[in-house]
Structures are given as structure tokens and as C-alpha cells.
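First comes the structure, then the notes that go with it.
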Amino acid sequence: MTDKELITITIDRYAELQQIKKANGNHENEILDYSIKLAVAKLSSMGVNVEDITL
């Protein structure tokens, strides 16, 4: 797997997590929040600016 493929997959995962969070409304979900933080950290370490792709 190339770096570009890995970045694309991680962006897709981050987008899915954001959609789930939005669909949950005000319902608190610590596991979801932690998963989003991990995705942000991974993307940041790969040089991706997540501010541009955050809902």
C-alpha cells in the first residue's frame, strides 16, 4: 500500500466517523470521540490538514 492510498483510506475513515458523530446529535460517545482524535492524529502525522475536511 502506498502512502497516498493510506492517506485516502484514513481520510475516508475520518469522514465516516464525523458523519456518525453528526448523526448522534447531542448524544455523548467517548469511544467515538477517541476514535476521531486518533484519526486526526494519524492524518496530522501524515501531513494532512484536517481543518479543511472537518464538518
Side-chain angles (χ1 to χ4, degrees):
M1 178 179 302
T2 66
D3 287 346
K4 195 167 199 164
E5 289 171 322
L6 181 59
I7 290 170
T8 300
I9 290 168
T10 308
I11 288 172
D12 290 344
R13 175 76 173 141
Y14 179 60
E16 291 167 356
L17 292 169
Q18 288 186 91
Q19 291 169 356
I20 293 167
K21 183 165 179 75
K22 186 174 183 177
N24 278 343
N26 292 330
H27 180 71
E28 181 130 352
N29 186 328
E30 292 179 15
I31 295 171
L32 177 60
D33 291 340
Y34 183 71
S35 295
I36 290 172
K37 285 181 184 181
L38 286 177
V40 168
K42 288 176 185 178
L43 289 169
S44 294
S45 74
M46 292 184 253
V48 176
N49 182 359
V50 295
E51 290 179 12
D52 295 339
I53 58 173
T54 301
L55 285 176

Only counting residues at least two apart or in another chain, list the ones meeting salt bridge (charged side-chain N to carboxylate O under 4.0 Å, His left out) with Lys21.
-> Asp33
Determine which pairs satisfy salt bridge (charged side-chain N to carboxylate O under 4.0 Å, His left out) with at least one residue from residues 7-18, sequence neighbours left out, and list them in order.
-> none
Nearest heavy-atom contact between Leu6 and Thr10 is O-OG1, 2.8 Å
Neighbour count above 12 (heavy atom, 6.0 Å) for Glu5 CD = yes
Atom pairs and distances, side-chain donor-acceptor, residues 34-41, under 3.5 Å, sequence neighbours left out:
{"from": "Ser35", "atom 1": "OG", "to": "Ile31", "atom 2": "O", "distance (Å)": "3.0"}

Return a table of donor-acceptor pairs under 3.5 angstrom between the side chains of residues 45-55 and protein atoms on other chains or two or more places apart.
{"from": "Ser45", "atom 1": "OG", "to": "Lys42", "atom 2": "O", "distance (Å)": "2.7"}
{"from": "Asn49", "atom 1": "OD1", "to": "Glu51", "atom 2": "N", "distance (Å)": "3.1"}
{"from": "Thr54", "atom 1": "OG1", "to": "Tyr14", "atom 2": "OH", "distance (Å)": "2.9"}
{"from": "Thr54", "atom 1": "OG1", "to": "Val50", "atom 2": "O", "distance (Å)": "2.6"}

Distance, nearest 0.5 Å, that separates CG of Asn24 from CD of Gln19 = 12.0 Å
